[in-house]
Peer 1: 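First the structure, which I've put down as structure tokens, then a few questions once you've had a look.
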Amino acid sequence: MARTDFVDDFLKGFTCVIITGASSGIGRVILSRLGKSGTAAAVFNLSRTAPEGVPNSLKFSHLTCDLAQPHEIEKVVGELRKLMPREGRILLVNNSGFGAYGEFPAPDLAHTLRMVDVNMRAVVHLTGLLWPDLKARGGQVATVASLAAYQPTPLMTTYAATKAFALHWSIALDAESRPYGVRCVAICPGPVSTNFSKAAGFTGSTGIGGQTAEACVDEALHAMAKAQPQVITGWKHKLLGWFSARLPKPWAAAIGLRVIRRLRLDRYVKKA
Ligand SMILES: NC(=O)c1ccc[n+]([C@@H]2O[C@H](COP(=O)([O-])OP(=O)(O)OC[C@H]3O[C@@H](n4cnc5c(N)ncnc54)[C@H](OP(=O)(O)O)[C@@H]3O)[C@@H](O)[C@H]2O)c1
């Protein structure tokens with residue numbers, strides 16, 4: 001079967017798709033790919049701003065939610081429960097997230113704690129609230145982690161650690177949830193050209209080559225259709241992940257620090 005048909009069939013297998021952070025970048029491309037798939041699912045986006053240019057073919061609803069706020073997650077799941085179809089498989093894509101660059105706790109502790117909340121706490125909270133539905137109806141939970149999840153990464157210390165959490169959490173949950181017909185997939189992109197670097201405090205592109213969001217999503221959806229527990233997108237990133245995961249962790253951190261310093265990323269950091 002052709003790759004596109006394989007992914008289309010996978011996406012058509014759900015009656016309800018819930019995605020976080022489809023207002024930008026990787027999430028927005030997933031939304032547009034859903035639009036091309038011919039799915040009849042009800043599609044819900046959870047983020048602070050509504051996505052633009054949502055494909056007309058989708059039965060789409062945007063539910064405003066700041067995932068750093070636990071009470072907003074509780075509220076939005078209440079709204080979801082009223083709107084979502086009662087039967088059929090559910091696809092949850094935990095995609096929202098952001099990073100930061102600089103010596104801990106740059107740019108400041110409040111920002112770092114919000115990152116912990118969005119990248120980790122919200123993923124567990126949202127998945128946990130929807131877990132009874134997922135177990136009863138079957139489906140998939142795809143969580144966007146990162147290549148940074150495979151090694152301790154100085155100067156992106158907290159971000160990389162949040163993604164290591166997401167990777168391990170998702171893979172372990174997959175082992176637990178298979179008997180219920182629920183599969184979990186950890187998506188680990190390397191650098192991807194999105195608004196990520198701006199949100200991480202850079203003035204624009206850092207010049208680090210990477211994938212387009214379209215190429216990243218194409219690989220991610222293929223891995224989701226195959227229910228792979230983890231996927232690193234991009235062959236160079238796959239190699240990097242393979243090597244860095246095998247180094248003793250303190251070595252990986254020391255080498256990482258030298259490499260990142262050599263990139264002189266400070267040149268691109270927005271001045272306060
Ligand atoms: N781009 C990369 O190089 C790269 C590499 C590895 C992993 N990733 C991961 O990929 C995922 C998507 O990032 P991206 O590259 O597509 O970046 P992006 O273009 O900046 O998109 C980030 C998305 O996260 C949402 N978000 C951020 N804070 C939120 C909050 N408090 N509540 C709800 N939603 C929030 C944003 O929506 P609103 O602003 O509308 O709320 C936005 O839709 C993230 O988890 C990121 O860590 C990215």
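Scope of the values below: all heavy atoms of this structure, side chains included, with no hydrogens, waters or symmetry mates. No experiment lies behind these values; they were computed from the predicted model shown. Start at 1 and go down the list; that is how both ligands and their atoms are numbered.
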Peer 1: Does Val192, backbone or side chain, put an N or O under 3.5 Å from an N or O of ligand 1?
Peer 2: yes
Peer 1: If you measure from atom 4 (C) of ligand 1 to every heavy atom of Gly190, Gly27, Gly97, which option wins on shortest distance?
Peer 2: Gly190
Peer 1: Have a look at ligand 1 and work out which part of Lys163, if any, has a heavy atom under 4.0 Å from it: side chain, backbone, both or neither.
Peer 2: side chain
Peer 1: Heavy-atom distance to atom 34 (N) of ligand 1: which of Cys65, Ser96, Ser197, Ala22 wins?
Peer 2: Ser96
Peer 1: Can Thr20 be said to touch ligand 1, with heavy atoms closer than 4.0 Å?
Peer 2: no
Peer 1: Looking only at non-hydrogen atoms, find the nearest pair between Glu74 and His125 and report the distance.
Peer 2: OE2-NE2, 2.9 Å
Peer 1: Note the single closest protein heavy atom to atom 39 (O) of ligand 1, along with its residue, its atom name and the distance in Å.
Peer 2: Arg48 NH2, 2.9 Å
Peer 1: Starting from atom 40 (O) of ligand 1, which protein heavy atom do you reach first, and at what distance in Å?
Peer 2: Thr49 OG1, 2.4 Å
Peer 1: Quick check on contacts: which atoms of ligand 1 are under 4.0 angstrom from a heavy atom of Pro189?
Peer 2: 5 (C), 6 (C), 7 (C)
Peer 1: Quick one: does Pro191 get a heavy atom under 4.0 Å from ligand 1?
Peer 2: yes
Peer 1: Does some side-chain heavy atom of Arg137 sit less than 4.5 Å from a side-chain heavy atom of Thr15?
Peer 2: yes
Peer 1: Would you say Asn195's side chain and Lys198's backbone share a donor-acceptor pair under 3.5 angstrom?
Peer 2: no
Peer 1: Students should be able to answer this: which protein heavy-atom is nearest to atom 9 (C) of ligand 1, and at what distance?
Peer 2: Val144 CG1, 3.6 Å
Peer 1: Please write down residue, atom name and distance for the protein heavy atom closest to atom 14 (P) of ligand 1.
Peer 2: Thr194 OG1, 3.5 Å
Peer 1: Who's the nearest protein heavy-atom neighbour of atom 18 (P) of ligand 1, and how far?
Peer 2: Ser24 OG, 3.5 Å
Peer 1: Looking at Arg258 and Ala254, would you say the former's side chain and the latter's main chain have a donor-acceptor pair under 3.5 Å?
Peer 2: no
Peer 1: Give the atoms of ligand 1, by number and element, whose distance to some non-hydrogen atom of Asp66 is under 4.0 Å.
Peer 2: 30 (C), 31 (N), 32 (N)
Peer 1: Would you say Leu67 has any N or O atom under 3.5 Å from an N or O of ligand 1, going by distance alone?
Peer 2: yes
Peer 1: With nothing but distance in play, are any N or O atoms of Ser146 less than 3.5 Å from an N or O of ligand 1?
Peer 2: no
Peer 1: Identify the protein heavy atom lying closest to atom 11 (C) of ligand 1, giving its residue, its atom name and the separation to 0.1 Å.
Peer 2: Asn95 O, 3.1 Å
Peer 1: Do Arg33 and Asp8 meet the salt-bridge criterion of a basic N to acidic O distance under 4.0 Å?
Peer 2: yes
Peer 1: Can you sort out which atoms of ligand 1 are near Gly25, meaning under 4.0 Å from one of its heavy atoms?
Peer 2: 16 (O), 19 (O)
Peer 1: Which word best sums up how the rings of His111 and Phe98 line up, parallel for under 30°, tilted for 30 to 60°, or perpendicular for over 60°?
Peer 2: perpendicular
Peer 1: Is there a side-chain contact between Ile90 and Phe14 in this structure, where contact means two heavy atoms from C-beta onward sitting under 4.5 Å apart?
Peer 2: no
Peer 1: If every non-hydrogen atom of Met224 is compared with every non-hydrogen atom of Phe10, which pair is closest and at what distance?
Peer 2: O-CE1, 3.5 Å
Peer 1: Would you call the rings of Phe202 and Tyr268 parallel, tilted or perpendicular, where under 30° means parallel and over 60° means perpendicular?
Peer 2: perpendicular
Peer 1: Is the shortest distance from a heavy atom of Ala213 to ligand 1 less than 4.0 Å?
Peer 2: no
Peer 1: Any idea which atoms of ligand 1 are less than 4.0 Å away from a heavy-atom of Tyr159?
Peer 2: 6 (C), 7 (C), 8 (N), 9 (C), 46 (C), 47 (O)
Peer 1: Check ligand 1 against Val118 and write out every atom of the ligand that is under 4.0 Å from a heavy-atom position of the residue.
Peer 2: 31 (N)
Peer 1: Under 4.0 angstrom from ligand 1, any heavy atom of Ala50?
Peer 2: no
Peer 1: Side chains of Trp131 and Val141: does their closest heavy-atom pair fall under 4.5 Å?
Peer 2: yes
Peer 1: Taking the six-membered ring for Trp, are His237 and Tyr150 closer than 6.0 Å centroid to centroid?
Peer 2: no
Peer 1: Please work out whether any backbone atom (N, CA, C, O) or any side-chain heavy atom from C-beta onward of Ile26 is under 4.0 Å from ligand 1, and answer side chain, backbone, both or neither.
Peer 2: both
Peer 1: Looking at atom 36 (C) of ligand 1, what's its closest protein heavy atom, distance included?
Peer 2: Ser23 OG, 3.9 Å
Peer 1: Ignoring hydrogens and angles, tell me if any N or O in the side chain of Ser177 forms a donor-acceptor pair with the backbone of Val182 under 3.5 Å.
Peer 2: yes
Peer 1: Any non-hydrogen side-chain atom of Leu247 less than 4.5 Å from a side-chain atom of Gln151?
Peer 2: no
Peer 1: Please answer whether the main-chain N or O of Asn95 pairs with a side-chain N or O of Thr20 as donor and acceptor at a distance below 3.5 Å.
Peer 2: yes
Peer 1: Suppose we measure from atom 48 (C) of ligand 1 to each protein heavy atom; which comes out shortest, and what is that distance?
Peer 2: Phe196 CD1, 3.9 Å
